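Report on one structure; see the data block that follows.
The model shown is predicted, which means the values in this text are computed figures rather than measured ones.
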Amino acid sequence: MKNFKILLLSLVATILVGCGTTSTVPITGRKQTLMVSDGEVLSLASQQYQEFMKTAKTSTNSTNTAMVKRVGQNLANAVVDYLKSAGLASEVQNYAWEFNLVQDNSVNAWCMPGGKIVVYEGLLPVTQDEASLAIVLGHEIAHAVAKHSAEQLSTQMRQESMMQIGTAVAGALGMGQNTQAIAQTIASLNFNFGNLKYSRNHETEADHMGLIFAAMAGYDPQVATSFWQRMASTSTNQTAEFLSDHPSDETRIKNIQGWMPEALKYYKPKTATTTKKTTTTTKKTTKK
């Protein structure tokens with residue numbers, strides 16, 4: 001009977017790992033398996049976004065606010081056009097684009113699933129111009145298009161279920177509570193360590209896709225190298241790459257230079273606004 005229970009639990013684990021909906025990430029062609037629906041993720045993201053905006057202070061700099069909205073909308077238009085041309089028109093309904101500049105000196109920006117984008121004023125002294133801002137926003141939009149949030153939620157769900165199954169198997173084998181606790185701790189550490197690489201891979205994928213999106217929107221992708229060099233100069237984080245959830249600055253720049261020939265194939269300058277300077281003189285801060 002004990003062997004039967006173990007066999008049954010192993011079968012459940014195998015089914016769990018394989019279940020979900022398989023899709024392909026645009027641009028990179030990577031396959032992913034998601035255990036949460038678009039509706040579930042978008043609902044959760046919308047709630048979090050609304051909560052954030054209730055307490056955030058929007059920028060009073062009308063020039064920079066208009067720039068963020070302009071660059072963001074240009075990218076959104078390019079992404080929508082690309083999705084439609086790639087046979088992914090059904091994905092367009094998942095986005096209700098919003099672009100906000102908020103009063104915060106952090107060097108940061110983010111995009112919620114569904115296209116809710118927030119830029120912090122502290123980022124603008126580092127981007128310095130619209131093309132570099134497009135590199136950042138392209139990266140953030142790429143996270144949403146690649147459904148990285150849904151993928152991370154799916155991974156956490158699998159890991160939690162595997163931990164529960166592992167506990168059940170340990171009980172079926174007659175392991176003591178102390179032994180089970182040690183096994184759970186080891187498994188948790190392995191998951192956490194693996195998740196760092198998982199997050200780095202997502203960041204790298206967003207860099208790749210974002211570079212292409214910026215080029216599609218008419219912004220020179222070649223500014224990405226100098227922008228990330230400026231970002232590197234603001235960073236005080238000396239954590240080794242394999243212990244970080246982001247790739248190192250050196251790795252990031254090297255990857256971008258490798259993708260540049262691909263990005264330039266999409267680049268067609270549209271307007272002169274891509275080199276317009278920002279008006280802010282906010283003090284530089286380190287990135288979060």
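Taking the side chain as every heavy atom from C-beta outward, M216 and D81 never approach each other to under 4.5 Å. Contact check for E203 versus H139: side-chain heavy atoms found under the 4.5 Å cut-off. Y95 has its side chain within reach of V145: a pair of non-hydrogen atoms, C-beta onward, lies under 4.5 Å apart. Contact of the H208 side chain with the I27 side chain is registered, since non-hydrogen atoms from C-beta on lie closer than 4.5 Å. With a 4.5 Å cut-off on side-chain heavy atoms, I141 and I117 count as touching. The side-chain heavy atoms of Y120 and N105, taken from C-beta on, include no pair separated by under 4.5 Å. Side chains of W97 and V80 form a contact here, defined as non-hydrogen atoms less than 4.5 Å apart. Side-chain contact between D207 and W228 is present, with heavy atoms from C-beta onward closer than 4.5 Å.
Considering all non-hydrogen atoms of both residues, A144 and P113 come closest at CB-CA, 4.3 Å. Nearest heavy-atom pair, G138 versus L75, reported as atom, atom and distance to 0.1 Å: N-CD1, 3.8 Å. Taking each heavy atom of Y267 and P221 in turn, the nearest pair found is CG-CD, 3.8 Å. When all heavy atoms of P26 and L88 are compared, the closest pair comes out as CG-CD1, 3.9 Å. The heavy-atom pair separating A150 from V41 by the smallest distance is CB-CG2, 3.7 Å. Taking all atoms of both residues into account, the shortest heavy-atom contact from A131 to Y219 is CA-CD2, 3.9 Å.
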Worksheet item: Does the pair E130 and R70 meet the rule for a side chain to side chain contact (heavy atoms under 4.5 Å, CB included), with working shown?
Response: CA-CA 9 Å; E130 293 195 17; R70 179 173 57 252; 2.5 Å; yes

Discussion item. Evaluate N64 against E121 for side chain to side chain contact (heavy atoms under 4.5 Å, CB included), listing each step before the verdict.
Written reply: CA-CA 9 Å; N64 287 342; E121 286 184 327; over 6 Å; no

Worksheet item: Can you check side chain to side chain contact (heavy atoms under 4.5 Å, CB included) on M209 and V25, steps first, answer last?
Response: CA-CA 10 Å; M209 295 172 64; V25 178; 3.7 Å; yes

Worksheet item: Going through the distances and angles, do M260 and I256 end up as a side chain to side chain contact (heavy atoms under 4.5 Å, CB included)?
Response: CA-CA 6 Å; M260 196 59 63; I256 286 171; 3.8 Å; yes

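Of the candidates V136, V119, V118, V118 is the only one forming a side chain to side chain contact (heavy atoms under 4.5 Å, CB included) with W110.
Considering only residues two or more places apart in sequence or on other chains, T28 meets the side chain to side chain donor-acceptor pair (under 3.5 Å) condition with E205. In this structure, the salt bridge (Lys or Arg N to Asp or Glu O under 4.0 Å) partners of E91, at least two apart in sequence or on a different chain, are K147. K69 is linked by a salt bridge (Lys or Arg N to Asp or Glu O under 4.0 Å) to nothing, counting only residues two or more places apart in sequence or in another chain. Residues that satisfy the side chain to side chain donor-acceptor pair (under 3.5 Å) test with Q222, not counting sequence neighbours, are D220. Q32 meets the side chain to side chain donor-acceptor pair (under 3.5 Å) test with S23, E151; sequence neighbours excluded.
F213 contributes atom CZ, which lies 12.5 Å from atom CG of L137 (distance to the nearest 0.5 angstrom). A distance of 5.0 Å separates CD1 in I253 from CD in Q229, rounded to the nearest 0.5 Å. Note: L123 CG to Q128 CD = 10.5 Å, rounded to the nearest 0.5 Å. Here the CG-CG distance, from L133 to N74, works out to 10.5 Å after rounding to the nearest 0.5 Å. Atom OG1 of T251 sits about 9.0 Å away from atom CZ of R200, to the nearest 0.5 Å. For the atom pair CG (D38) and OG (S90), the distance works out to 8.5 Å, reported to the nearest 0.5 Å.
No donor-acceptor distance shorter than 3.5 angstrom exists from the side chain of S154 to the backbone of L34, with no hydrogens or angles considered. Not one N or O on the side chain of E262 forms a donor-acceptor pair closer than 3.5 Å with the backbone of W259.
No side-chain N or O of S59 forms a donor-acceptor pair with one of N61 less than 3.5 Å apart. Side-chain atoms of S132 and R230 include a donor-acceptor pair closer than 3.5 Å.
There is no path of hydrophobic side-chain contacts, each under 4.5 Å, that joins V79 to L42.
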Quick one: side chains of residues 43-53, donor-acceptor pairs under 3.5 Å with protein atoms, not counting sequence neighbours, listed by atom name and distance.
residue : atom : partner : partner atom : Å
Y49     : OH   : E98     : OE1          : 2.6
Y49     : OH   : N100    : ND2          : 2.7
E51     : OE2  : K54     : NZ           : 3.3

